[in-house]
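Worksheet: the structure to be examined is printed underneath.
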2 protein chains.
Amino acid sequence: MTEDTGKWAPRGGDPENACPIAPVVDIVFSRWTTPILWALHEYGRQRFVALERRIATITPKVLTQRLRQLERDGLVVRTYHPEVPPRVEYEISELGRSLAPLFAALSEWSVHLDEVERARAAYDARP
Amino acid sequence: MTEDTGKWAPRGGDPENACPIAPVVDIVFSRWTTPILWALHEYGRQRFVALERRIATITPKVLTQRLRQLERDGLVVRTYHPEVPPRVEYEISELGRSLAPLFAALSEWSVHLDEVERARAAYDARP
DNA sequence: CGGGATCCTGTGCGATACTG
DNA sequence: CAGTATCGCACAGGATCCCG
């Protein structure tokens, strides 16, 4: 919204109905990107295998795919060291760091997770 | 981070590596939920068909699925009016409204969308 | 070590048809 | 009107093998 309540968001003068935050969601919250960015933020620059071990349930192929996407979007920086054995390091870019307040808002909302749990229990326990 | 910069988030005393905001992402940013919540927030309580027309590209089946999920998670309230023809209305719950600051943070980040665009262009234009 | 190439499977979603 | 039921496919992602 532009000026009324000050809450939620500026409604872009969008064509018809499309929610204006959808593009951001597509970029930042596509599958696996959250744990990857989190790991890079939490533990700093690190190698491919390190990331792979931290996330643990991700396969190398998918990790590569997502890292490529994040690199293309400018959220992650890839550094290739032409050595033997080869070494590749990933780190969060400046743009990626700008997501910090957003992730903070996310983690603040997790205080509501138990409310979600109770809502689910209530929903499941009915005719 | 636990206390150094104060940015981003409190690391829940998680088992090992799992990023603490992943559960929130799963609940709030699963497919279609963003436009649905947006439409409900922006235009208030409304009927199924109204939602269907606003989102336009969603099919009734998927809209039903996602609304059920949002209802189960307590983010949306469904009201059934036993009339002929039947009438069903959906609205954002109190819990759903608590997402407002989060969505605000999202929309604020969209100022960086052009940086993403440029990063992509730069990435695509290389050997 | 850091992937690319290939094959295979689960399932999200669209399309269509039917009901209270 | 507000869904449910059924079929079918495309595609994300797992498993495996291989290479610089």
Side-chain angles (χ1 to χ4, degrees), chain A residues 18-19 22 25-37 39-40 43-73 76-92 123-124 126-127, chain B residues 18-19 22 25-37 39-40 43-73 76-92 123-124 126-127:
Chain A
C19 122
V25 172
D26 284 345
I27 292 169
V28 180
F29 299 111
S30 51
R31 202 105 218 266
W32 291 113
T33 55
T34 314
I36 292 174
L37 289 174
L40 287 176
Y43 304 98
R45 173 195 298 201
Q46 56 200 291
R47 307 177 63 160
F48 186 87
V49 277
L51 273 174
E52 191 178 349
R53 275 191 287 261
R54 279 193 210 291
I55 303 184
T57 62
I58 200 172
T59 63
K61 173 186 148 187
V62 174
L63 180 56
T64 301
Q65 287 177 347
R66 304 280 78 132
L67 282 171
R68 285 285 184 281
Q69 176 193 323
L70 290 170
E71 187 196 359
R72 192 176 100 103
D73 290 347
V76 156
V77 176
R78 185 184 115 119
T79 314
Y80 176 76
H81 303 267
E83 311 166 354
V84 270
R87 187 162 55 95
V88 176
E89 289 184 316
Y90 292 91
E91 61 184 321
I92 294 215
Y123 184 94
D124 293 344
R126 28 168 254 196
Chain B
C19 125
V25 172
D26 284 345
I27 291 168
V28 181
F29 299 111
S30 52
R31 202 108 225 261
W32 290 113
T33 56
T34 314
I36 292 174
L37 288 173
L40 287 175
Y43 303 98
R45 174 195 297 201
Q46 56 199 292
R47 308 178 62 161
F48 186 87
V49 277
L51 274 174
E52 191 178 347
R53 275 192 285 261
R54 279 194 210 291
I55 303 182
T57 62
I58 200 172
T59 64
K61 174 185 146 186
V62 175
L63 180 56
T64 300
Q65 287 176 348
R66 303 284 86 145
L67 281 171
R68 285 283 184 282
Q69 175 192 322
L70 290 170
E71 187 195 0
R72 192 176 102 102
D73 290 347
V76 156
V77 175
R78 183 186 115 119
T79 313
Y80 176 77
H81 303 268
E83 309 167 355
V84 270
R87 187 160 55 95
V88 176
E89 288 183 315
Y90 293 90
E91 61 184 322
I92 294 213
Y123 183 95
D124 293 344
R126 21 167 261 194

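When reading the values below, keep in mind they use all heavy atoms of this one structure, side chains included, and skip hydrogens, waters and symmetry mates. Numbers restart at 1 for each chain; the letters A, B, ... are given by sequence-line order, proteins then strands.
The CD-C1' distance, from E89(B) to dA2(D), rounds to 13 Å in whole Å. Across the protein-nucleic acid pair, D26(A) atom CG and dA12(D) atom P stand 13 Å apart, rounded to whole Å. In this entry the distance linking CD of E83(B) with P of dG3(D) reads 14 Å, nearest Å. Remark: P of dG3(D) and OH of Y80(B) are 9 Å apart, rounded to the nearest angstrom. Distance, R87(B) CZ to dC1(D) C1': 11 Å, rounded to whole Å. For the pair L63(B) CG and dT4(D) P, the computed distance is 11 Å after rounding to whole Å.
For R87(B), the side chain to side chain contact (heavy atoms under 4.5 Å, CB included) partners are R47(B), H81(B), E83(B), E89(B), not counting sequence neighbours. With sequence neighbours left out, the side-chain hydrogen bond (donor to acceptor under 3.5 Å, both in side chains) criterion links E71(B) to no other residue. Residues meeting the ring pair (Phe, Tyr, Trp, His ring centres under 6.0 Å) test with F29(B), sequence neighbours left out: F29(A). Partners of Q65(A) under the side chain to side chain contact (heavy atoms under 4.5 Å, CB included) rule, at least two apart in sequence or in another chain, are K61(A), V62(A). Checked against side chain to side chain contact (heavy atoms under 4.5 Å, CB included), P60(B) has the following partners two or more places apart in sequence or in another chain: F48(B), E52(B). Annotation: side-chain hydrogen bond (donor to acceptor under 3.5 Å, both in side chains) contacts of T59(B) (sequence neighbours excluded): none. By the side chain to side chain contact (heavy atoms under 4.5 Å, CB included) test, R72(B) is found to be paired with R120(A), Y123(A), D124(A), residues two or more places apart in sequence or in another chain being considered.
Using a 4.0 Å heavy-atom cutoff across all strands shown, T57(B) reaches sugar-phosphate atoms only and no base atom.
Not one N or O on the side chain of T34(A) forms a donor-acceptor pair closer than 3.5 Å with the backbone of A22(B).
Screening R54(A), E91(A), R53(A) for a side chain to side chain donor-acceptor pair (under 3.5 Å) involving Q46(A) leaves a single residue, R54(A).
At dC1(D), none of the side-chain N or O atoms of Y90(B) fall inside 4.0 Å of OP1 or OP2 (strictly under the cut-off). Considering only side-chain N and O atoms, R31(A) lies nowhere under 4.0 angstrom from the phosphate OP1 or OP2 of dA12(D).
Nearest heavy-atom pair across I36(A) and L70(A) is CG2-CD1, 3.7 Å.
Considering CG of L51(A) and CG of L40(A), their distance stands at 5.0 Å, rounded to 0.5 Å.
Defining each end axis of the helix from dC1(C)-dG20(D) to dG20(C)-dC1(D) as the rotation carrying four pairs' C1' atoms onto the next four, with five pairs an end, the two axes are found to diverge by 50° to 10 degrees.
When DNA chain C is scanned in the 5' to 3' direction for atoms under 4.0 Å from non-hydrogen atoms of chain B, the outermost contacting nucleotides are dC13(C) to dG20(C).
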| field | Per-nucleotide protein contact string for nucleotides 15-20 of chain D, where B marks a base within reach and S marks sugar-phosphate only (heavy atoms under 4.0 Å, - for neither) | value | B----B
